[in-house]
Amino acid sequence: MSRDIQNEQATNTTFQQIGLFTRQPLSQLGKIAFWCFLIATIIGVAGVIALSFDGGSIDADIYAATLLVTTILIVSGLRWLQALGILGGVMLLYLYFTQPFVIESLERPKADPNGGFYHFTGQLVLFILIATGLVATIGTVLQNYHRIGRQTPRWFPFATSVIVGLVVGALYIGSLAPTAPVPTVAPLQTPKMSAGPGVPVALNMGMAHAPISVNQLQAPATTAHVDRFTLTAQATQLHLASGISMPAWTFNGTAPGPTLHVRQGDHVVVTLVNHLSFGVTIHWHGIRIANAADGVAGVTQDAVKPGQSYVYSFIVPDAGTYWYHSHQFSDVETTNGLFGMLIVDPAIPTIHADVDESVALHTWNGPNNQPLYTMNATDQTLSQAARPGQWVRLRIVNTAETPSGNPQLVTLVGTPFQVISLDGHDLNRPQWLTNTPLPIGSAQRYDLYFQMPASGPVALVTAADGQSYVPSPALVIGQGAMPTKLPAITKWFDLSTYGEPTADPITPQSHFDATYNITLGNQMGSSLGRMGMTYTLNGKVFPDTGMIMVKEGQIIKLHFVNQTSLYHPMHLHGHVFTILTAKGRPLTGSPVHQDTVLVPPHATYDVAFAANNPGIWMLHCHNFLHANWGMDMMVMYDVSTPYTVGSASGNFPD
Ligand code: C2O
Ligand code: CU
């Protein structure tokens, strides 16, 4: 009989056999463990009682129950149960640190239910008790192990305790662990025109006795190469890389829809098939298109009804990066996925690119109505292969509603780059930029050009809030991982000083046949029968915003005055703006041509366009919310339309 066993017998007169089920009085350490857990249990039970008046807290119940069980395990005097007490203590610490108790109470000193000084102190006391109890329990178990007898192998009780403890602990923690959170994305609301006072019934946007109708303004018959596509609008469940699954409306089952790649001068024929339960159109954003194919519900066509189809037929006169989206309830339809990219290669190649990649930045209504950002179809990392030394053209479009009213910022990390075009229109002699933040308003495009560095990848990152770049979603081009350190936001790219001057058909010195002042405002008011924040052009909301009357051959100047503290990406269909002044200053760099001009808060912008494309053309803010709440008007040649906006037709462009 070993000395250990003799000692055991000296302290335990009742049991002679020392085994797994031998009870023995608590050692000093065991007593410390017991008292710590007992006091903590009393505090825990008191907490449960107090919280029960507030409807109770399942977390507190679990906490107190675990404390009680741990105390019983310790006092049992059975070795293997005491060993399980270690798991109880670890479990308590786990609960403690996964509940926001302490940190929250520090962060929010006065806030309930997890804030406040007393709460913090209480939690601290509990923590000390549990930590001490746990250490003492471990000590007790080690003592037990040391005092174990010969009747069973030394390792046996300890190993049994650990195995039983792990199984019980796994079952216990498993039953507590929240089932993998299923982020819930709100179901999509079918767009629908409200009826009633303030809602137009059948508003005709055309000139009643005009010599020509929008339907006659078709693409010319040419022998150009024909590109045919079919785009089917359909309801789709999107499954994102993060595991989020959400409802969307898409073209051909993806958002963005298929990228249509065509050549300058081509004749493009697209059949839109509508498998959705509401009307849809397609607007070809930025294309100087023949008016009949412009895709504006109630102006150039009726929205395509469920089950029906419609053919768009047009010539693409300019090369560059464009996109397409629904222009029926564009506010909800585009935001919920009805968009895609349209890339027009130049008839005569201008620059050499080994890799030509396009990225659509989109913002969705994600889980819990929080904005969810994607690049193409991913909310995580998009990869594009490229080898060191290769030249890359990267086309970026912002297809999103901009919830903050601020532009998204994007930049390229890993190599210097040039901005070679804006809204598809090339810049003259662009300089090299490094990490420069590029503000991109809704609907705007940037084409970047760069050479892959000798080693490492190049990444496109965004700062949707304008504050700091985020690691995802991101585009990683080439081999290697995303850089871990992202640059800070520095001075934004300024289109008014970028590149070098060159001759341009329209300059600030040109003769303008007419100048229109357009004041951008916002105020509480009513729009289409709803009360709320309205966005105004010259103090009016659509359809009371009036028209800009133009004649073919004129050069028209628009003077935008932004009286709001928001950015407004102002877009004109079927034409391209020449930027004359930005924030009141003439451009000192390259001439800039855009179809969507981002007017900063409390700033002015002067733009001009050649009126060379007859039709009825929308001029509106491309922040969909603003357009939906009033910020639209028409640029009008003497043209009539058979279509109407309003409750009778169900056409509502924005
Ligand atoms: Cu991109 Cu009127 O639209
Ligand atoms: Cu706006």
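Owing to the predicted nature of the structure, the values given are computational and were not obtained by experimental measurement. Each ligand, and each atom within it, is numbered from 1 in the order the structure gives.
Around the Cu ion (ligand 2), the protein N, O or S atoms closer than 2.8 Å are His568 ND1, Cys621 SG, His626 ND1, listed by chain and residue number. Around atom 1 (Cu) of ligand 1, the protein contributes the following N, O or S atoms at distances under 2.8 Å: His285 ND1, His325 NE2, His622 NE2.
Between the side chains of His602 and Ser565, no donor-acceptor pair of N or O atoms lies under 3.5 Å. Donor-acceptor pairing under 3.5 Å is lacking for the side chains of Tyr535 and Asp632.
Aromatic rings of His593 and His575 (six-membered ring for Trp) have centroids beyond the 6.0 Å cut-off, not under it. Close placement of the Tyr324 and Phe251 rings is indicated, their centers lying within 6.0 Å of each other. A centroid separation of 6.0 Å or more is found between the aromatic rings of Trp249 and Phe339.
By the 4.5 Å heavy-atom criterion applied to side chains, Asp345 and Val262 are not counted as neighbours.
Among residue pairs with one or both ends in residues 285-311, those qualifying as ring pair (Phe, Tyr, Trp, His ring centres under 6.0 Å) are His283-His285, His285-Trp323, His285-His325, His285-His571, His285-His622, Tyr310-Tyr312; sequence neighbours excluded.
Nearest heavy atoms, Gly286 versus Asp595: CA-OD2, 3.3 Å.
In terms of the ring pair (Phe, Tyr, Trp, His ring centres under 6.0 Å) criterion, Phe417 has no residue partners (sequence neighbours excluded).
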